[in-house]
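Please read the structure below before turning to the comments.
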Amino acid sequence: MEFLPIFINLRGARCLVVGGNEIAARKTALLLQAGAHVTVVAPDLVPAFSELAQDHVQHQLGEFETSLLDGMTLVIAAHENFEVCRVVSEAAKARQLPVNVVDTPALCSFILPSIIDRSPILVAVSSGGASPVLARMLRARLETLIPSAYGRLSTLAGQFRDKVKQRFTHSSNRRIFWEKVFQGPIAEMVFAGQDQAAKNALEAMLTQETEAEHPMGEVYLVGGGPGNPDLLTFRALRLMQQADVVVHDNLVTPAVLDMVRRDAERIYVGKKRDDHALPQEGINELLVRLAKEGKRVLRLKGGDPFIFGRGGEEIETLAQHGVPFQVVPGITAASGVASYAGIPLTHRDHAQACIFVTGHLKDGSMDLDWEMLARPHQTIVIYMGLHGLPSLCEQLIKHGLTADTPAAIVQQGTTSKQRVVTGTLASLPDLAAEAKLQAPTLIIVGSVVSLHHKLKWFNPKDSKDKLEAAPLDEEKAH
Ligand code: SAH
C-alpha cells in the first residue's frame with residue numbers, strides 16, 4: 001500500500017493553498033466544504049475564487065514564503081511553476097506538515113482521492129497517483145451504485161447510535177440489530193423519502209427487540225472456486241464481505257482471499273503434505289467455537305465445498321452443536337480447469353459421461369475401481385493425483401485403456417500461473433515430471449483431451465491481474 005487512506009477533520013483548521021488558478025480554486029472549495037479556514041497565496045486570482053464563500057478565505061497577494069506556513073494544518077500547492085511547488089513541498093515537509101502538490105505525486109506527502117459524497121458517508125477512491133482518470137471513472141461507477149439516500153440513512157443511524165448501544169450490551173446483538181435496519185423496511189423507507197416513518201419504525205424496533213443472552217453466530221461454508229476471483233458466485237462474494245472471521249486453507253488463492261472484508265480476522269488452517277496445520281477435528285471445533293462467540297464465520301474452501309472438500313464433515317459437527325450454517329457451492333476444479341484449458345468434459349463424439357475421483361494415495365497406493373474407470377466413452381478427472389500419476393496411468397492401461405489414450409495435467413488452472421501439459425497415458429508421467437509442475441494440479445484422461453489444441457482460448461500471460469494460486473502440496477488437500 002503506497003498511501004494509507006485516512007479521513008482528516010479540518011473543521012476550523014487553517015490551511016494554505018499556493019496558486020491562484022482554476023485548480024487552486026477547486027481545492028480551496030474542497031477545503032471550505034470540509035470546514036477549513038483557507039489562506040490563498042498567489043500574485044493574482046482567477047474569477048472562480050470570487051464565487052467561493054468569502055467568510056473563511058483569506059487572500060494573500062504575492063508569492064509563497066515560508067512564514068506563511070505558521071499555524072497551518074495542511075498545505076496544497078497548485079502553482080503552475082514547478083519550482084514554486086517544489087519549494088512549498090520541501091518547506092512543508094521540513095515542518096512535518098501534510099502537503100499535496102497537484103498532479104505531482106513525488107512531491108506529495110498526501111494525495112487527494114476521488115470522492116463520492118453521501119455525507120456522512122464518504123467513499124474515497126485513489127489510484128495512488130498512478131492514474132487519476134481511472135480513479136475518477138471508478139468513482140463514476142460507484143456513484144451509480146450507492147443511492148444518494150445512504151447519507152440520510154447514515155444520519156438516522158447516527159441519531160440512534162447511543163440508544164442502541166445502551167439497549168444491547170453484546171456487540172453482536174448490536175450488529176444484528178443494525179443489519180436488520182439496513183437490510184429491511186426501515187432502509188427502504190429512507191430510500192423512499194419517508195424519513196419520519198423510518199425514524200418511528202426504528203424507535204419501535206428498539207423497544208421490541210430483546211437482547212439474546214448468548215448471541216449465536218453462524219457459519220458460511222463457501223466454495224471459493226478454482227482460484228480466479230472472477231469465478232466466485234455473487235452469494236459467495238456477499239458473504240465474504242460480511243463475515244467477521246475467515247477460516248481458510250492453501251487452496252484459497254491470495255486473489256480470492258483479497259475479496260474478503262478487509263478487517264475480517266483471518267485464520268489459516270492449511271494443510272501441507274507432511275504437516276497438518278490443524279487436524280480436521282480441530283477445524284470443526286474451531287468453527288463451532290467461533291460461531292458460539294457470536295461471530296459470522298466464513299469457512300472458505302477451494303472449489304466446491306462438497307467435492308473432495310470435507311464440507312460434509314464440517315457441517316455435520318455444526319449441526320450437532322446447533323450452529324446455524326449455509327453452504328454456497330463453488331466452481332469445482334474439474335469444471336473451472338477444464339473450461340480454462342479448453343477441454344470439454346463431455347462431447348457427443350468423445351464422452352457421454354464424466355467421473356471425478358481422488359488420486360490421493362493411501363498407504364502408497366490408490367484405492368479405486370479400475371474396471372469402472374477404464375470403461376470407454378467417459379472422461380476421468382483426477383483430483384490430488386500428481387504424486388500417484390505414474391501408478392494411475394499404469395493401472396488404467398492395465399485395466400483396458402489403450403496407452404495412447406489422451407491425457408492432460410493442468411497446473412493452477414484458471415489463474416495466471418495455469419500450465420497445461422498434454423500427452424497420452426504412456427507419456428504423461430514423464431512429461432509432467434519434466435515440466436516440474438506446481439500444485440494444485442488436476443489430471444484429465446479421455447479422448448476429449450485431444451480437443452485442447454483446437455479449443456484452447458485462455459492465455460494466462462494475458463491475464464494481467466495478479467491471480468496467484470498459493471503453492472501447495474496437493475496430496476493432503478483432501
Ligand atoms: N473442493 C475442491 C477440491 C479439493 S481437493 C474443488 O471442488 O475443486 C484439492 C485438489 O483439487 C487439488 O489437489 C487439485 O487436484 C484440485 N484443484 C483445485 N484447484 C485447482 C486448480 N486451480 N488447478 C488444478 N487443480 C486444482
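This is a predicted model, so every value here is computed, not measured. Position 1 is the first residue of the sequence, and the numbers go up from there. In listed order, ligands and their atoms are each counted from 1.
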Distance-only N or O hit between ligand 1 and [X], under 3.5 Å:
X	value
Gln411	no
Leu251	no
Met384	yes
Gly413	yes

**OP:** Heavy-atom distances under 4.0 Å are what count here, so tell me which part of Val410 touches ligand 1: side chain, backbone, both or neither.
**Re:**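 Within the 4.0 Å criterion, Val410 contacts ligand 1 through backbone atoms alone.
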Original post:
Looking only at heavy atoms, is any part of Gln418 under 4.0 Å from ligand 1, and if so is it the side chain, the backbone, or both, or is it neither?
Top reply: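 None of Gln418 does.
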Is [X] in contact with ligand 1, taking contact as a heavy-atom separation below 4.0 Å?
X	value
Gly302	yes
Thr414	no
Gln412	yes

Original post:
Who gets closest to atom 3 (C) of ligand 1 by heavy atom: Val381, Val252, Ile307, Asn228?
Top reply: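 Checking each option, the heavy atom nearest atom 3 (C) of ligand 1 is found in Ile307.
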Subject >> Options Thr441, Thr332, Asn250, Asp249, ranked by nearest heavy atom to atom 6 (C) of ligand 1, top entry >> reply: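 Ranked by closest heavy atom to atom 6 (C) of ligand 1, first place is Thr332.
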**OP:** For Asp367, check salt bridge (Lys or Arg N to Asp or Glu O under 4.0 Å) against everything at least two apart and list the hits.
**Re:**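 So Asp367 forms no salt bridge (Lys or Arg N to Asp or Glu O under 4.0 Å) with any residue.
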Subject >> Residues that Arg152 engages under salt bridge (Lys or Arg N to Asp or Glu O under 4.0 Å), provided they are two or more places apart >> reply: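 Checked Arg152 against salt bridge (Lys or Arg N to Asp or Glu O under 4.0 Å); matches are Asp195.
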Original post:
Parallel under 30°, tilted from 30 to 60°, perpendicular over 60°: which one fits the rings of Phe356 and Tyr383?
Top reply: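 The arrangement is tilted - the two ring planes meet at 30° to 60°.
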Subject >> Ring geometry between Phe182 and Trp178 (parallel below 30°, tilted from 30 to 60°, perpendicular above 60°) >> reply: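 Parallel: the ring planes of Trp178 and Phe182 meet at under 30°.
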Subject >> Separation of Met240 CE from Leu232 CG (nearest 0.5 Å) >> reply: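 These two atoms lie 5.0 Å from each other.
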Could you tell me which atoms of ligand 1, counted from 1 in the order shown, lie closer than 4.0 angstrom to a heavy atom of [X]?
X	answer
Val337	21 (C), 23 (N), 24 (C)
Ala333	6 (C), 7 (O), 8 (O), 16 (C), 17 (N), 18 (C), 19 (N), 20 (C), 26 (C)
Pro226	21 (C), 22 (N)

Original post:
Strictly by modelled atom types, are Ser427 and Thr424 linked by a side-chain donor-acceptor pair under 3.5 Å?
Top reply: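 Side-chain D/A pair, Ser427 to Thr424: present.
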Subject >> Pair Glu293 + Arg289: basic N to acidic O under 4.0 Å >> reply: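 Arg289 and Glu293: salt-bridged.
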Subject >> Among Arg238, Arg235, Gln242, Gln326, the one residue meeting side-chain hydrogen bond (donor to acceptor under 3.5 Å, both in side chains) with Tyr220 >> reply: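 So, applying the side-chain hydrogen bond (donor to acceptor under 3.5 Å, both in side chains) to Tyr220 and each of Arg238, Arg235, Gln242, Gln326, only Gln242 qualifies.
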**OP:** Look only at the side chain of Arg419 and the backbone of Gln411, and say whether a donor-acceptor pair between them is shorter than 3.5 Å.
**Re:**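 Between the backbone of Gln411 and the side chain of Arg419 there is no qualifying donor-acceptor contact (under 3.5 Å).
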